[in-house]
Amino acid sequence: MGVPGFALPDLVEAARDGRSTMLGELDRTCREQGVFRLTDLALPAGLPPELLERTRALFALPLAVKRELRDPDDQYVGWRGADNRNEYGQSDDKEMFHIGPRVSATLAAGAGLVDGDGGRRESELVEAALADCSLWPADLPGFVLVWHRFYAAMQHAAAQLGLALAAAMGVESARWAAMAHDNWADLAANHYPAQPAGAEVRMRNAVHSDLTLFTILLQDPPGPGGLVMRDRSGAWHDVVPAPGEFVVNIGELLTFLTGDDWWAVPHEVRPTEATLARDRLSIPFFFRPHDALVLEPFRVSPGTTAPGPIDVGAWVHARKRMQRVPS
Ligand SMILES: O=C(O)CCC(=O)C(=O)O
Ligand SMILES: [Fe+2]
């Protein structure tokens, strides 16, 4: 069984018309696999390739410049290098960059630029972003701009996808929208450097599930891949990068909201001989509600008691600090 695929416009239409076959298929996928491929996002032409290129330029900056973008206390904002720590207290073989409205208020302003608006507004936006948040790389205005544009495009896709997922869950669209509207989604990048032959082999991204409602991930075709996801039955599936495709994986908050029905899919990026020979880039959009929200489950599985409400900010904070023992 591979990873199922859905076209976003089909999901939007299914949600609007209540088309039960496709919504049923989406529900089954989210219960059993917790991951699907998503196509036809109608992004502005050339946006993903430009995003990948400008993100490579960020990681190519001198180490001293990247260190300026480092937050000593929170590895999930700004740049983090070899001192990143996974849930097992070890460092993954990657560097990363994270940003979101909790630290950068201008991200929401990118919405007006999705269709490539006039140059003056673009340069004003970049200036405003740099003045507002010191985590943006001041030497790379093109990076700042394309990240704002892509962030806005992901918000648009997530709003559409969220309504389809709500329909598949049997949750009213108004209830979903009230939770998702003022979200604090983060956009991030992982850069996994190529390893010289004979170097010590380390995990590129240790097994975890995401602290999100869902994540929309862009890979870097024809990059080397290595991403694998474990379905509810325990089987691992390769999630191979392909042009025009995104990967959507269910996060832990949707497992909570569905009373454990939907599968917060564990996933990892494996180091294999073939994948290690080349560097790899991935860009996850972590779709998460605003920290100020308190969530109650949409439903409770028969025979179980409802878990207590989740204070999103406190939950995320605690979960980021949680340490696990490798199994
Ligand atoms: O690099 C990838 O493909 C996956 C990244 C990931 O799982 C994450 O950043 O949470
Ligand atoms: Fe992940």
Side-chain angles (χ1 to χ4, degrees), residues 3 30 33-38 48 51-52 55-56 58-59 74-88 90-100 147 150-151 154 158 184-195 202-231 236-255 262-272 274-276 278-288 316 319-322 324 326:
V3 175
C30 293
Q33 293 195 256
V35 56
F36 54 89
R37 294 173 293 107
L38 188 68
L51 176 82
L52 290 166
T55 303
R56 283 188 195 287
L58 171 86
F59 290 120
D74 185 350
Q75 65 172 352
Y76 298 107
V77 292
W79 176 85
R80 222 4 119 97
D83 59 345
N84 76 79
R85 287 289 171 273
N86 61 30
E87 290 183 7
Y88 312 98
Q90 295 155 350
S91 76
D92 288 326
D93 193 12
K94 66 170 184 175
E95 56 182 325
M96 55 198 194
F97 181 80
H98 284 240
I99 201 118
W147 270 57
F150 190 75
Y151 186 86
M154 285 297 101
W184 263 7
D186 282 337
L187 185 60
N190 298 299
H191 176 236
Y192 308 93
Q195 289 299 344
R202 284 166 48 216
M203 191 50 112
R204 283 190 147 176
N205 200 329
V207 65
H208 66 280
S209 48
D210 288 351
L211 312 183
T212 58
L213 295 163
F214 56 81
T215 304
I216 307 179
L217 178 80
L218 176 69
Q219 300 194 74
D220 60 347
L227 176 62
V228 287
M229 300 223 173
R230 191 174 74 216
D231 70 22
W236 287 95
H237 302 270
D238 281 322
V239 188
V240 179
E245 274 190 12
F246 287 74
V247 179
V248 176
N249 58 281
I250 299 304
E252 294 183 8
L253 288 173
L254 273 189
T255 299
W262 282 15
W263 178 240
V265 57
H267 52 284
E268 65 187 29
V269 181
R270 288 188 184 158
T272 64
T275 58
L276 283 178
R278 291 153 67 195
D279 81 326
R280 173 168 191 272
L281 205 56
S282 72
I283 315 260
F285 177 72
F286 294 115
F287 193 65
R288 191 158 49 221
V316 170
R319 208 36 208 82
K320 280 177 176 172
R321 274 160 183 72
M322 195 171 108
R324 294 181 199 270

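Indexing begins at 1, ligand by ligand and atom by atom, following the structure's order. Residues take their numbers from the sequence shown, with the count starting at 1.
Around the Fe ion (ligand 2), the protein N, O or S atoms found under 2.8 Å comprise His208 NE2, Asp210 OD1, His267 NE2.
Ring pair Trp147/Phe97 is perpendicular by interplanar angle, where above 60° counts as perpendicular and below 30° as parallel.
When atom types are taken as modelled, the side chain of Asp210 and the backbone of Thr212 share no donor-acceptor pair closer than 3.5 angstrom. For Asp186 (side chain) and Phe286 (main-chain N/O), no donor-acceptor pair under 3.5 Å exists by modelled atom type. Between the side chain of Thr255 and the backbone N or O of Ala264, at least one donor-acceptor pair lies under 3.5 Å. At distances below 3.5 Å, not a single donor-acceptor pair connects side-chain atoms of Asn84 with backbone N or O atoms of Gln75.
Residues Leu51 and Ile283 form a side-chain contact, since some pair of their non-hydrogen atoms from C-beta on lies under 4.5 Å apart.
Looking at Glu87 and Arg319, a side-chain N of the basic residue comes within less than 4.0 Å of a carboxylate O on the acidic one, giving a salt bridge.
Around ligand 1, the residues contributing at least one heavy atom under 4.0 Å from the ligand are Asn190, Tyr192, Asn205, His208, Asp210, Leu217, Leu227, His267, Val269, Arg280, Ser282, Pro284, Phe286.
Remark: Arg230 fails to qualify as a cation-pi partner of Trp263 under the 6.0 Å distance and 45° angle criteria applied to the six-membered ring.
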Item to check | From CA spacing to verdict: side-chain hydrogen bond (donor to acceptor under 3.5 Å, both in side chains), Asp279, His191 | outcome: CA-CA 7 Å; Asp279 81 326; His191 176 236; 3.0 Å; yes
